[in-house]
Novice: 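One structure coming up, written as structure tokens, with questions to follow.
The chain is numbered in sequence order, starting from 1. For ligands, and for the atoms within them, numbers begin at 1 and follow the listed sequence.
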Amino acid sequence: MIDAVTKPKTKVKPGTERPRLHKVILVNDDFTPREFVVTVLKAEFRMTEDQAHKVMITAHRRGVCVVAVFTKDVAETKATRATDAGRAKGYPLLFTTEPEE
Ligand code: TYC
């Protein structure tokens, strides 16, 4: 006998899924001037002087600091632009990205 009833092959996931966000991380180094780090944070991440100073000093003391979270594309573009701003001045300033848990 032919069983005409077939199970659907794909499962529908319940709920609404948002794309994973990615962190932009500021990495400390011994050469980039503090004020330049603050300038880049203000320009690329639209931070106030106060916010930028807090992020810079956290990276300076702890080695790294999460700057902000964005979609993957935006996080990577901003990290690259901010890193390039340092490189243009001859500084080893580094911003990296990683997916949020
Ligand atoms: N450590 C640098 C200095 O003392 C300042 C600095 C802070 C550099 C944070 C990078 O991500 C950084 N001039």
Novice: Only counting residues at least two apart or in another chain, list the ones meeting ring-ring contact (aromatic ring centres under 6.0 Å, His included) with Phe70.
Specialist: none

Novice: Using a 4.0 Å cutoff against the non-hydrogen atoms of Asp29, which atoms of ligand 1 qualify?
Specialist: 1 (N), 2 (C), 8 (C), 10 (C)

Novice: Looking at Glu100 and Arg20, is there a salt bridge between them, counting it only when a charged N and a carboxylate O are closer than 4.0 Å?
Specialist: no

Novice: Pull out every atom of ligand 1 sitting under 4.0 Å from any heavy atom of Val37, numbered as shown with elements.
Specialist: 6 (C), 8 (C), 10 (C)

Novice: I need the atoms of ligand 1 closer than 4.0 Å to a non-hydrogen atom of Leu26, numbered in the order shown.
Specialist: 11 (O)

Novice: Less than 3.5 Å between some nitrogen or oxygen of Val27 and one of ligand 1, yes or no?
Specialist: yes

Novice: Just do the side-chain contact (heavy atoms from CB on, under 4.5 Å) check on Val64 and Asn28 with the steps written out, would you?
Specialist: CA-CA 6 Å; Val64 290; Asn28 185 42; over 6 Å; no

Novice: Under a 4.0 angstrom heavy-atom cut-off, which atoms of ligand 1 come close to Met56?
Specialist: 7 (C), 9 (C)

Novice: I'd like to know if Glu44 pairs up with Arg81 as an ion pair, taking the criterion as any Lys NZ or Arg NE/NH1/NH2 lying under 4.0 Å from an Asp or Glu carboxylate oxygen.
Specialist: yes

Novice: With the 4.5 Å side-chain cut-off for hydrophobic clustering, are Ile25 and Val74 part of the same group?
Specialist: no

Novice: Tell me the protein heavy atom at minimum distance from atom 4 (O) of ligand 1, and give that distance in Å.
Specialist: His60 CE1, 3.1 Å

Novice: Would you call Glu101 and Lys23 a salt bridge, using N to O less than 4.0 angstrom?
Specialist: yes

Novice: To the nearest 0.1 Å, how far is atom 6 (C) of ligand 1 from its closest protein heavy atom, and which atom is that?
Specialist: Asn28 OD1, 3.4 Å

Novice: Who's the nearest protein heavy-atom neighbour of atom 3 (C) of ligand 1, and how far?
Specialist: Thr32 O, 3.6 Å

